[in-house]
Amino acid sequence: MKVTISQPREQPRSLHGSAKTRVGVAALRDLGPEDVEDIVAYWYTSGDQHLDSLGIDRTRLGTPEDTRQRILRGVRTGAPDQQSLALAITVDGAFAGYTLLNRYTLEINYSHWHITDPRLRASGLSTALYPHRIKAYFDLTPMERLIHQTRTRNIGVNRMLDRYVPVAETRYIEDPDGVALPGEFHLRYVLRRDIPSFFEKLAAGAAK
């Protein structure tokens with residue numbers, strides 16, 4: 001059965017940064033409707049073990065159509081009040097994952113990041129693109145603060161974030177952002193003025 005996707009009005013597709021990595025040139029660009037089915041496939045074909053490792057609430061995740069519409073709402077329209085904003089991660093031009101920013105107020109905003117190609121996980125993409133990712137969020141929105149909410153047992157993600165921003169607090173969260181189950185989370189806070197230091201840290205790490 002062919003699925004028809006209603007496409008939101010798009011801005012011209014923009015590139016939001018790139019970096020050389022050991023697996024190729026990694027980049028961030030605007031997500032397009034043509035990327036959505038890759039994301040839907042990621043969520044519904046990765047298997048229970050992967051979803052359990054992420055702590056995903058299957059009820060909140062919903063059906064493939066729920067996810068399809070959730071991601072489509074993130075395709076950038078240019079509207080200043082767009083609540084969700086999605087960017088594609090590519091490696092040498094090929095789709096490799098995505099990031100989703102959920103906006104609520106000037107100071108309450110959360111981001112999510114998924115490498116959908118399992119061959120590219122733990123390959124340094126997240127570390128190399130982190131400063132570009134944060135700069136894009138703040139360039140594209142008027143938000144004043146971003147909150148990283150990461151499950152404490154997610155060692156890889158926390159190790160990457162430790163390079164850039166410290167944990168501010170750790171606590172049990174009953175209603176985490178996105179499609180996660182309740183649990184123990186690290187919280188880190190990022191302000192617009194922090195962005196230059198992230199690029200400095202990235203350069204310092206590359207020089208070692």
Side-chain angles (χ1 to χ4, degrees), residues 1 3-8 30-77 79 81-89 95-118 120-121 126 130 133-134 136-137 140-141 143 145-158 160-161 167-190:
M1 174 177 162
V3 177
T4 301
I5 301 176
S6 58
Q7 298 184 358
D30 290 339
L31 191 85
E34 72 278 6
D35 302 313
V36 172
E37 291 309 306
D38 284 331
I39 297 173
V40 173
Y42 161 73
W43 283 109
Y44 297 93
T45 65
S46 292
D48 286 338
Q49 184 176 357
H50 180 65
L51 296 187
D52 289 344
S53 72
L54 298 177
I56 300 302
D57 185 331
R58 306 308 199 273
T59 300
R60 297 179 81 172
L61 178 64
T63 66
E65 183 59 24
D66 292 333
T67 296
R68 185 174 292 111
Q69 294 304 319
R70 187 162 54 240
I71 300 304
L72 277 169
R73 287 193 292 272
V75 174
R76 190 161 72 94
T77 65
D81 59 348
Q82 186 174 355
Q83 187 175 3
S84 294
L85 190 66
L87 302 175
I89 304 159
F95 184 82
Y98 75 104
T99 178
L100 182 68
L101 173 68
N102 289 332
R103 299 171 56 202
Y104 301 101
T105 70
L106 288 177
E107 294 197 350
I108 301 177
N109 309 278
Y110 300 92
S111 69
H112 304 273
W113 174 273
H114 297 279
I115 302 299
T116 57
D117 185 337
L120 296 174
R121 292 175 195 149
S126 299
Y130 180 82
R133 165 191 171 195
I134 301 304
Y137 294 156
L140 294 171
T141 74
M143 71 179 189
R145 185 181 70 165
L146 172 70
I147 304 172
H148 289 307
Q149 186 183 83
T150 57
R151 201 172 293 278
T152 54
R153 70 167 186 256
N154 196 330
I155 295 172
V157 168
N158 284 302
M160 184 277 290
L161 289 173
V167 173
E169 58 178 309
T170 301
R171 57 185 170 88
Y172 184 89
I173 297 178
E174 183 65 40
D175 186 24
D177 190 62
V179 295
L181 289 161
E184 197 83 8
F185 288 82
H186 289 318
L187 298 176
R188 307 169 196 252
Y189 303 106
V190 179

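This chain uses plain numbering: 1 for the first residue, then up along the sequence.
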Donor-acceptor contact present, side-chain Arg60 to main-chain Val179, <3.5 Å: no
N/O donor-acceptor pair under 3.5 Å between Arg121 side chain and Ile115 backbone: yes
Verdict with reasoning, Leu181 to Arg151, per side chain to side chain contact (heavy atoms under 4.5 Å, CB included): CA-CA 10 Å; Leu181 289 161; Arg151 201 172 293 278; 4.1 Å; yes
Polar contact flag, side-chain donor to acceptor under 3.5 angstrom, His186-Asn154: no
Side chains of Tyr137 and Asn109, donor plus acceptor under 3.5 Å: no
Backbone of Val36 reached by a side-chain donor or acceptor of Arg68 within 3.5 Å: no
Considering all heavy atoms, the nearest Phe95-Ala88 contact: CE1-CB, 3.9 Å
Ser84 side chain to Asn102 backbone, donor-acceptor under 3.5 Å: no
Qualifying salt bridge (Lys or Arg N to Asp or Glu O under 4.0 Å) pairs with a residue from residues 42-54, counting only residues at least two apart or across chains: Asp48-Arg58, Asp52-Arg58
Contacts of Ser111 that satisfy side-chain hydrogen bond (donor to acceptor under 3.5 Å, both in side chains) - sequence neighbours left out: Arg133
Donor-acceptor contact below 3.5 Å, side chain Gln82 vs main chain Thr77: yes
Expected output: side-chain Gln149 to main-chain Asp177 donor-acceptor under 3.5 Å: yes
